[in-house]
Amino acid sequence: MLSLPSLLSERIQAIAGIDPELRPATRPQFGHYQTNVALRLANAEGRPPREVAARLVEQIDLADLCEPLEIAGPGFINLRIHTEVLGRVATQVLTEPKSGIGTVEHPRTVVIDYSSPNVAKQMHVGHLRSTIIGDCFTRVLRAQGHTVIPQNHIGDWGRQFGMLVEQILEEGIDLRALDLAGAEALYQRANAHLQSSTAFADRARERVVLLQGGDAETRQLWQQLIEVSKAGFNDTYRRMNVVLTDADLAGESIYNDDLAVVAADLEDRGVAVVDDGALVVFVDGFNAPAIIRNAAGGFGYTCTDLAAIRHRVGTLRADRLIYVVGAPQTYHFEQVFAVARLAGYLPETVTAQHVGFGQVLGADGKKFSTREGTAVTLNSLLDAAEREAAPAIALAAIKYADLSSGLQKDYTFDAQRMVATTGDTGPYLQYAHARVNQILRKAEAEGFDGDAVTVLAEPAEQQVALLLSRFGEVVAAVGETLQPHRLCGYLYELAGALSSFYEQCPVLKSGGDVRASRLALCAATRKVLATGLDLLGIEAPERM
RNA sequence: GCGCCUGUGGCUCAACGGAUAGAGCAUCUGACUACGGAUCAGAAGGUUGAGGGUUCGAAUCCCCCCAGGCGCGCCA
């Protein structure tokens with residue numbers, strides 16, 4: 001079914017010939033929607049905007065959906081939806097399984113690269129955002145009918161394993177008794193050892209060769225480190241209530257055998273050239289070449305990312321790639337994408353997007369770190385929020401704080417502000433849901449009788465219905481623009497409209513058709529709040 | 001040196017080239033024998049970092065500055 005806003009747009013476009021860029025009205029007196037289509041056409045036609053608007057209003061056929069169109073200001077056309085139509089749409093939101101979220105016409109196969117912690121290190125602040133944002137994308141795109149393949153690109157390969165394995169052997173550690181925090185402590189000891197002893201550094205280097213060569217003992221210890229780390233990651237994922245599973249693990253190591261293949265392929269086809277002993281690709285617009293293989297013969301993360309693209313497009317059949325990785329990596333991904341295009345690993349039909357996000361800052365507005373100067377662990381952030389509120393609320397608070405402002409910006413982790421139940425916060429939305437749920441619970445106890453929104457006499461009722469009709473559009477916009485804060489803003493507006501509504505309009509105490517209609521409106525709102533919060537990865541409690 | 005991001009009321013953030021720049025927090029006024037006041041209604045608070053330009057129209061686009069952050073060949 002075509003959503004109400006798209007239906008209106010289509011009708012206007014049929015006459016105007018261009019996308020009307022329909023927008024919610026900026027003020028109540030301007031109705032429900034406005035379009036500036038006449039203003040834009042006036043330029044091309046060389047006629048006064050209001051004259052153009054008058055012609056359009058005469059020809060556009062919207063009598064079944066709207067009150068008579070109005071021309072206002074410099075030439076805006078304002079639309080006011082019939083209340084019967086609003087009621088019908090609100091009822092559909094209640095009736096339809098997907099609450100107005102449209103299934104996309106052309107489903108895509110989307111690979112989303114997110115979370116990506118490193119083996120033998122606890123998850124830190126940086127992983128918080130990637131995990132929350134990626135989880136939201138997975139939920140939204142799946143709801144739209146896309147096939148989503150999350151890829152948790154964990155750091156399970158590289159030189160650090162040389163020193164880790166050597167340290168394990170030297171200390172005689174039994175890895176089965178180790179947890180992730182213990183593994184991280186081991187990492188730090190190994191690193192210090194590496195700095196202080198050239199003999200150890202030499203052994204670590206040799207151990208890397210053994211690991212790459214498939215030496216059994218080395219591989220076994222490496223594998224055990226991964227198991228220990230996975231257990232730790234999964235504890236955190238469970239705590240965060242995200243959809244990632246072991247099936248989504250696709251660590252760097254799985255591309256190990258492809259690295260030399262990619263390098264040879266690029267070199268053979270002349271995409272890459274040897275320069276200063278390294279195999280590199282020069283790309284226009286980049287002031288440094290992409291290094292595929294360093295002069296020592298090693299492969300860096302550029303090569304790994306290229307191999308991953310090849311795999312994701314060639315084997316997983318993805319036609320959209322999304323990387324949820326911090327903003328500092330923007331340059332890297334632009335370059336990797338450019339190289340992949342040159343090499344043909346990324347055909348024109350496949351889109352690739354890096355969703356860079358800003359840093360999480362401490363309460364002092366500076367880079368988040370412990371007193372010792374090390375990065376703050378993700379679990380300690382969850383702990384901090386849980387000191388302010390119950391776990392389900394604390395988690396909602398963190399996720400909402402993370403998703404509700406633009407992703408590019410840094411944001412300050414302020415536990416007290418996040419868990420506030422007033423204002424634009426996760427807990428406020430949860431509260432709105434819990435409260436409307438209480439009304440419905442009582443109604444259900446005495447025989448729920450609202451299944452259609454039929455009466456919308458009050459402005460507060462109309463406002464709720466109007467917002468409900470926009471849900472599908474908002475979700476579609478998030479799927480397209482990858483901006484979760486739009487959904488947050490929408491849900492906050494809906495929760496506010498709901499609060500105003502039940503302040504002004506008694507539900508249980510009203511009677512007859514009005515009561516039934518208001519109950520249906522409540523039910524539709526509860527459904528959209530719960531569905532919307534779920535898309536953000538936030539639980540909608542029945543009571544608080 | 002080059003490049004990217006950010007700059008909006010005291011604070012935290014919206015605004016997809018459009019009407020009088022919107023919210024929340026904090027502050028001040030109101031509304032409770034309540035469908036849970038964890039709420040609602042209202043007030044006050046802005047030359048959108050500065051200056052030019054494009055446009056019928058600029059927080060938004062272009063140019064030049066200023067401030068802060070982050071990147072830019074052999075780590076990932």
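Numbered from 1 within each chain, the chains take letters A, B, ... in sequence-line order.
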Pairs under 3.5 Å (Watson-Crick or G-U), crossing ones as [ ], inter-strand ones as |: RNA chain B comes out as (((((((..((((....[...)))).(((((.......))))).....(.(((..]....))).))))))))....
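- Counting any heavy atom pair closer than 4.0 Å across all strands shown, A/Gly158 reaches no nucleic acid atom.
- The nucleotide whose nearest atom lies closest to any side-chain atom of A/Pro328 is, among B/G71, B/A38, B/C56, B/G71.
- Counting non-hydrogen atoms under 4.0 angstrom, A/Thr26 reaches a base of the nucleic acid.
- Only the P atoms considered, B/C4 is 42 Å distant from B/A44, to the nearest whole Å.
- Among the nucleotides B/G7, B/A38, B/C16, the one closest to the side chain of A/Pro24 is B/C16.
- Nearest to the side-chain atoms of A/Asn287 among the listed nucleotides B/C72, B/C13, B/A15 stands B/C72.
- A/Gly406 comes within 4.0 angstrom of the backbone, heavy atoms only, and of no base.
- Spacing between B/C65 and B/C28 at atom P, rounded to whole Å, works out to 46 Å.
- Of the listed nucleotides (B/C70, B/C56, B/A38), B/C70 has the atom at the smallest distance from the side chain of A/Gln359.
- For the pair A/Arg470 and A/Tyr33, the distance from NZ or CZ to the six-membered ring centre is under 6.0 Å and the angle to the ring normal is within 45 degrees.
- Residues A/Tyr255 and A/Asp305 have side chains that never bring a donor and an acceptor to within less than 3.5 angstrom of each other.
- Comparing B/C72, B/A41, B/C13 by their closest approach to the side chain of A/Ser500 singles out B/A41.
- Here A/Asp414 lies out of heavy-atom contact (under 4.0 Å) with every strand.
- Of the candidate nucleotides B/C75, B/A19, B/G73, B/C75 has the atom lying nearest to any side-chain atom of A/Arg159.
- The gap from the P atom of B/U60 to that of B/G9 amounts to 15 Å, rounded to the nearest Å.
- Here the closest non-hydrogen pair linking A/Leu211 and A/Phe161 is CD2-CB, 3.7 Å.
- Contacts of A/Glu334 with the nucleic acid, taken as non-hydrogen atoms under 4.0 Å apart, are absent.
- On the P atoms, B/A76 is 50 Å away from B/A19, given to the nearest whole Å.
- Using P as the reference atom, B/G49 and B/A67 are 16 Å apart when rounded to the nearest Å.
- B/A14 and B/G24: their P atoms are spaced 16 Å apart (whole Å).
- Remark: ring of A/Tyr428 does not overlap the six-membered base ring of B/A38 in a stacked fashion, as centroids less than 5.5 Å apart with planes less than 30° apart are not both met.
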With side chain to side chain donor-acceptor pair (under 3.5 Å) as the test, would you mind laying out the steps for A/Tyr301 and A/Gln329 before giving the verdict?
CA-CA 12 Å; A/Tyr301 78 149; A/Gln329 298 296 332; 3.1 Å; yes
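- Taking the centre of each ring, A/Phe357 and A/Tyr114 stay at or above the 6.0 Å mark.
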5' to 3', nucleotides 22-29 of chain B under a 4.0 Å protein heavy-atom cut-off (B base, S sugar-phosphate only, - none) gives SSSS----
